[in-house]
Amino acid sequence: MLTVEEASARVRAHAQPSSETEFVALEACSRRILAEDVRSDSDLPAFDRSAMDGFAVRASDTAESPVVLRVIDAIAAGDVGRLAVGEGTAVRIMTGAPIPEGADAVVMVEHTEPVERTQAVEGAGAVGAVPSDRVRILRGVEPRQNIRFRGENVADGEVVARAGQRLRPIDVAILATAGIERVAVRPRPRVSILSTGDELVDPGRTPGPGQIRNSNGPMLAAMVTEAGASVVRRTSAGDRPTEIEGAIRDGLDADVLLLSGGVSMGDHDHVAAALDAVGAETVFHRVAMKPGKPVLFARCGSTLVFGLPGNPVSVFIGFALFVQPALAILSAASRVDAPRGRAVADGEFRGPEKLCAFEPCGLVVREGALRAVPVRYRGSGDPHGASRGDAFVVLPAGVARVAAGDSVEVLSTTAYGAAPYAMAADPNRGVRE
Ligand code: AMP
Ligand code: MG
């Protein structure tokens, strides 16, 4: 029986990255794989600008504070200054507005107060306070303080997004800033989903005796969409060889065909034989893992076929380990693996010694450490147990038990391909891979 790593390597060897490009609107590019490098068409910021609402000043004028300066101009974001700041003067400035000539720092408004002028109010002979054109600087600033300088984020011509990157909402902002309205992306892999099993009814129906609702079909469709691929067909078939065969043939026009159910050793498990009958080449059947041991991978023409055992958590794990990386490769993603990291076991986890086991866990940060917390889980037929978790603890073959306090590997099945730093050991790591 293959190990998870061996099986993964075989799947990867069969997946061919797309070299095609299509264009999508900026609003529709999230989760897609970028097809070409994008460079900034300017320095960013493009001009020296204020990081604060306040007053643009010459820092040397504020060396001794409090000090009163004469306010000669006001600049809003989108505006440009008209007057240069000279000795003893200041310009009222808003966040994002260009720094006026002569100024080398900004005093935040919280560190100032208006200087009021007392004035005889006409008629009554009373005395009142009215705003003046002066400001009192209460706290001095250093040169360069509260200014974001031209080019300090990004230089003109710098690569701001790379081919192969899976686009996230933050990248949509980056592309917008670079002036990209139509984004060059790889085509979405096209996926057919076939749920097999005589017991299945659609979610809208009430199951009769012995029947269950089909949850794998909708779950797989959701996972395919999350992975940035597209569902082109979703069907069901009963446990009859000819019915399954026909449904498989229909699904083979897609890049990937996902089947659930019918790959085990039961009397009504006909998927493997049906795949043989349509001329598919089986690459592997069974992997040393739990859940999902009977998983099957085949290739038929250019279609990659995954036969996932019917239990919902087996489907979920099989997808995360084998299907998602295949979809990532097909769409020429540079990052293929689901993020893995380490956590401290917050309780006991057990698995069969001979198999690589995946046990759902919650993830919490406590006392400065990421902790994997056991959740109530009854095995692969218990998606509710899995849904109580955030990730899976990985118990490699040879490890039957981890105890509270042990370091364990965790597999994130929710953050795959999305956030490059999800679960990375060092959250302050600053450089994009
Ligand atoms: P099988 O792999 O066909 O032996 O199925 C294993 C278990 O998963 C059985 O309890 C099935 O009823 C269940 N199962 C199979 N297909 C589905 C499905 N589409 N949705 C929910 N459960 C399923
Ligand atoms: Mg079955």
Side-chain angles (χ1 to χ4, degrees), residues 26-27 38-161 169-181 430:
L26 186 58
E27 291 72 20
V38 171
R39 290 174 185 276
S40 181
D41 66 348
S42 66
D43 287 334
L44 295 169
F47 49 87
D48 296 352
R49 66 182 184 192
S50 180
M52 297 284 173
D53 293 326
F55 292 86
V57 298
R58 293 160 31 129
S60 56
D61 283 358
T62 71
E64 270 156 44
S65 55
V67 60
V68 173
L69 300 176
R70 190 160 59 85
V71 182
I72 57 168
D73 196 7
I75 316 175
D79 213 357
V80 286
R82 289 145 294 264
L83 298 173
V85 173
E87 195 177 344
T89 68
V91 164
R92 178 91 174 100
I93 194 165
M94 307 304 150
T95 303
I99 300 296
E101 222 172 285
D104 63 359
V106 171
V107 181
M108 63 197 285
V109 70
E110 291 86 340
H111 295 165
T112 70
E113 64 183 22
V115 176
E116 292 178 331
R117 185 153 48 103
T118 45
Q119 196 183 54
V121 176
E122 216 180 306
V127 170
V130 298
S132 75
D133 59 354
R134 276 158 214 281
V135 63
R136 181 172 293 112
I137 307 296
L138 303 172
R139 227 186 270 184
V141 279
E142 297 293 320
R144 302 176 69 85
Q145 203 173 327
N146 297 329
I147 296 178
R148 295 289 166 259
F149 287 93
R150 173 177 182 156
E152 77 173 28
N153 297 356
V154 169
D156 187 5
E158 193 177 325
V159 173
V160 290
I170 189 81
D171 301 310
V172 176
I174 300 302
L175 298 179
T177 303
I180 308 286
E181 276 189 297

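Worth knowing before you read on, the calculation uses all heavy atoms, side chains too, and leaves out hydrogens, waters and symmetry mates. Computed from a prediction, not measured in an experiment: that's the story for all the values here.
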Distance-only criterion, 3.5 Å: show the donor-acceptor pairs between side-chain atoms of residues 60-67 and protein atoms not counting sequence neighbours.
{"unit_1": "Asp61", "atom_1": "OD2", "unit_2": "Gly88", "atom_2": "N", "d": "2.7"}
{"unit_1": "Thr62", "atom_1": "OG1", "unit_2": "Ala59", "atom_2": "O", "d": "2.8"}
{"unit_1": "Thr62", "atom_1": "OG1", "unit_2": "Val141", "atom_2": "N", "d": "3.1"}
{"unit_1": "Ser65", "atom_1": "OG", "unit_2": "Gly140", "atom_2": "N", "d": "3.4"}

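Considering only heavy atoms from C-beta on, Thr89 stays 4.5 Å or farther from Val71 through its side chain. Residues Val57 and Val106 are not in side-chain contact: their nearest non-hydrogen atoms beyond the backbone lie 4.5 Å or more apart. Using a 4.5 Å heavy-atom threshold, the side chains of Phe55 and Thr112 count as touching.
Under the side-chain hydrogen bond (donor to acceptor under 3.5 Å, both in side chains) criterion, Arg136 pairs with Glu113, not counting sequence neighbours. Not counting sequence neighbours, Asp48 has no partner by the side-chain hydrogen bond (donor to acceptor under 3.5 Å, both in side chains) test. For Arg134, the side chain to side chain contact (heavy atoms under 4.5 Å, CB included) partners at least two apart in sequence or on another chain are Val68, Arg70, Val115, Ser132. With sequence neighbours left out, Val154 forms a side chain to side chain contact (heavy atoms under 4.5 Å, CB included) with Ser40, Leu44, Glu158, Val160. Judged as a salt bridge (Lys or Arg N to Asp or Glu O under 4.0 Å), and not counting sequence neighbours, Arg92 has no contacts. Take Pro45 and apply the side chain to side chain contact (heavy atoms under 4.5 Å, CB included) test, not counting sequence neighbours, and it matches Arg49, Arg148, Glu152, Asn153. Applying the side-chain hydrogen bond (donor to acceptor under 3.5 Å, both in side chains) test to Asp43 and every residue at least two apart in sequence or in another chain returns Arg150. Taking Asp79 as the reference, Ile75, Ala76, Arg82 meet the side chain to side chain contact (heavy atoms under 4.5 Å, CB included) condition, with sequence neighbours excluded.
Ser50 contributes no side-chain N or O that, together with a main-chain N or O of Ala97, makes up a donor-acceptor pair within less than 3.5 Å.
Using modelled atom types, one finds no donor on one side chain facing an acceptor on the other under 3.5 Å when comparing Ser42 with Asp156.
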